[in-house]
Amino acid sequence: MKFKPESLMMSHGYQPEWSEGAIKCPIFQTSTFVFKSAEEGKAYFELAYGLREPDQGEAPGLIYSRLNNPDLEILENRLCLWDEAEECAVFESGMSAISTAMLAFLKPGDVLLYSKPLYGGTSHFITEVLTRWGVEIQGFQPTETPDAIIRRARAEGWADRLAMIHIETPANPTHTQIDIRGMRQIADALGTEDRPVRVAVDNTYMGPLWQHPLKHGADLVLYSATKYIGGHSDVIAGACLGSREVMMPIKTLRTFLGNMAGPWTGWLLMRSLETLKVRMEQQCANAQKVADFLSHHPKVEHVNYLGLLTEADGEAYRLYQTQCEAPGAMLSFNIVGGEQQAFAFLNHLKLVKLAVSLGSTESLAQHPASMTHAGIPPEEREAMGIRDQLVRLSVGVENADDLIRDLGQALSAVPVPEAANAF
Ligand SMILES: *Cc1c(COP(=O)(O)O)cnc(C)c1O
């Protein structure tokens with residue numbers, strides 16, 4: 001029988017007889033594992049070092065927690081179910097998952113193509129760190145079509161050096177979407193069998209439930225597990241998933257950078273995964289109600305939420321229909337006015353907390369222009385639609401009517417902009 005991922009999150013990959021019948025996987029808080037015999041130790045290392053192919057049904061043995069630990073392995077097996085991936089690697093942060101994946105596939109002289117805007121940490125790693133190691137970087141705006149990118153790559157002479165494409169869709173906080181299949185087209189047009197171009201999608205914004213990039217042609221899906229996967233604002237972690245072949249160099253590099261998650265983090269995330277679907281579905285239902293409320297409010301100019309797209313939105317609606325399975329629980333909106341009005345709104349919230357991060361059980365609000373996206377030059381920020389009046393909201397599992405009442409009272413406290421009076 002084939003069960004759905006949500007049915008398997010409590011048990012998949014763990015057997016109670018391994019641990020005195022304990023229904024839950026314990027925390028294997030251990031650095032090293034005892035071999036039954038020297039022969040067994042030798043056999044484990046032969047597989048770990050790739051000295052021979054595994055025998056029929058032979059699984060890699062537990063050696064040392066930087067290489068493998070039951071809490072990580074079972075967690076990775078469970079994460080694979082959501083994205084229907086062959087392999088997963090869990091890291092101590094989303095940034096370590098992203099940076100390790102990039103380091104695994106890029107070398108000096110290679111080109112990395114990436115969408116704008118990216119998460120601030122990723123953007124810094126690309127522009128300040130990768131470039132120091134001789135990696136050439138090429139950013140693109142979501143308005144540039146795959147065909148135009150291919151033409152530009154050829155005209156500018158980097159088409160045969162492209163090694164990796166990294167995107168975020170929908171973009172944070174503007175919700176601009178990028179066609180994952182379009183990225184696959186670029187990779188296939190410019191890559192060769194000997195020099196494949198890898199497509200990576202940072203899927204943090206949609207979590208493992210609402211968008212499955214591997215099904216749309218991506219090679220790698222990356223998560224900050226700090227967000228929906230952890231889901232309780234109490235742990236920092238990351239994950240990377242893909243085929244066995246693509247994951248091999250990433251898992252190997254993780255072993256040598258030593259940035260795998262520890263057993264305690266693994267255990268916490270397994271606990272979180274049991275409620276992933278119920279949490280995310282409640283968050284999504286709440287977000288749709290909140291978005292409907294905001295879109296009719298006189299002090300709100302525009303709401304960015306996938307669940308508000310209609311056929312009139314053309315390509316954005318088409319992408320949402322083909323690429324996403326639900327509108328998610330992230331939204332952003334322009335308050336009538338500017339920074340003063342946005343700040344007044346944020347300062348008057350009672351139930352919703354003023355904090356960055358996203359995907360947690362509690363609702364969070366923040367001001368991208370002065371907070372998460374403050375590092376982007378103002379003109380570039382403006383061009384991306386990240387204006388001073390923009391507020392970003394991550395919707396939690398609270399009662400939707402309570403959230404709407406809180407947002408409503410905070411909007412009531414927002415002063416009417418002077419410019420509006422003058423008209
Ligand atoms: C938070 C976040 C990251 C970084 O993850 P950490 O767990 O904080 O290292 C990367 N990408 C996106 C889209 C994020 O929201």
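All values below were derived from every heavy atom in this structure, side-chain atoms included, with hydrogens, water molecules and symmetry-related copies excluded.
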Glu325: side chain to side chain donor-acceptor pair (under 3.5 Å) partners, not counting sequence neighbours: His212

For Glu362, all residues meeting side chain to side chain donor-acceptor pair (under 3.5 Å), sequence neighbours excluded: Ser233, Ser360

Does any non-hydrogen side-chain atom of [Y] lie less than 4.5 Å from one of [X]?
{"X": "Met164", "Y": "Met102", "answer": "yes"}
{"X": "Ser357", "Y": "Lys227", "answer": "yes"}
{"X": "Gln138", "Y": "Arg152", "answer": "yes"}
{"X": "Lys4", "Y": "Leu81", "answer": "no"}

All pairs passing salt bridge (charged side-chain N to carboxylate O under 4.0 Å, His left out) where residues 196-222 contributes a residue, at least two apart: Glu84-Lys215, Arg184-Asp219, Arg198-Glu245

Met248, CE atom: more than 12 neighbouring heavy atoms under 6.0 Å: no

More than 12 heavy atoms from other groups under 6.0 Å of CD on Glu315: yes

Could you tabulate the donor-acceptor pairs under 3.5 Å formed by side-chain atoms of residues 256-266, not counting sequence neighbours?
| unit_1 | atom_1 | unit_2 | atom_2 | d |
| --- | --- | --- | --- | --- |
| Asn259 | ND2 | Thr100 | OG1 | 2.8 |
| Thr265 | OG1 | Glu92 | OE2 | 3.2 |

Is it true that a side-chain atom of [X] and a backbone atom of [Y] form a donor plus acceptor pair closer than 3.5 Å?
{"X": "Thr226", "Y": "Ala237", "value": "yes"}
{"X": "Arg161", "Y": "Gly109", "value": "yes"}
{"X": "Asp406", "Y": "Leu351", "value": "yes"}
{"X": "Ser224", "Y": "Gly94", "value": "no"}
{"X": "Thr176", "Y": "Pro142", "value": "no"}
{"X": "Ser115", "Y": "Glu168", "value": "yes"}
{"X": "His348", "Y": "Leu411", "value": "no"}
{"X": "Gln211", "Y": "Thr169", "value": "yes"}
{"X": "Lys251", "Y": "Cys88", "value": "yes"}
{"X": "Trp267", "Y": "Cys25", "value": "yes"}

Non-hydrogen atoms of [X] and [Y] that approach each other most closely:
{"X": "Phe91", "Y": "Cys240", "answer": "CE1-CB, 4.1 Å"}
{"X": "Thr361", "Y": "Glu398", "answer": "O-OE1, 3.8 Å"}
{"X": "Leu214", "Y": "Asp83", "answer": "CD1-O, 3.7 Å"}
{"X": "Asn304", "Y": "Pro173", "answer": "ND2-O, 4.3 Å"}

Charged N-O contact under 4.0 Å between Asp110 and Arg195: no

Residues Glu87, Arg254: salt bridge by 4.0 Å N-O rule: no

Asn334 side, atom CG; Leu294 side, atom CG - distance, nearest 0.5 Å: 11.5 Å

His175 ring center within less than 6.0 Å of Tyr205 ring center: yes

Test applied, side-chain contact (heavy atoms from CB on, under 4.5 Å); reference residue, Pro70; option that passes from Leu62, Thr30, Ile27, Leu75: Leu62

Option from Phe293, Tyr305, Phe345 for which ring pair (Phe, Tyr, Trp, His ring centres under 6.0 Å) with Phe333 holds: Phe345

Which pairs of donor and acceptor atoms, one on a side chain in residues 116-131, lie under 3.5 Å apart (sequence neighbours left out)?
| unit_1 | atom_1 | unit_2 | atom_2 | d |
| --- | --- | --- | --- | --- |
| Thr127 | OG1 | Ser123 | O | 2.9 |
| Thr131 | OG1 | Thr127 | O | 2.6 |

Output a table of donor-acceptor pairs, distance under 3.5 Å, between side-chain atoms of residues 372-379 and any protein atom two or more places apart or on a different chain; print 'none' if there are none.
| unit_1 | atom_1 | unit_2 | atom_2 | d |
| --- | --- | --- | --- | --- |
| Thr372 | OG1 | Gln366 | OE1 | 3.4 |
| Thr372 | OG1 | Gln366 | NE2 | 2.8 |
| His373 | NE2 | Asn172 | O | 3.1 |

Side-chain donor-acceptor contact under 3.5 Å, Gln323 with Gln177: no

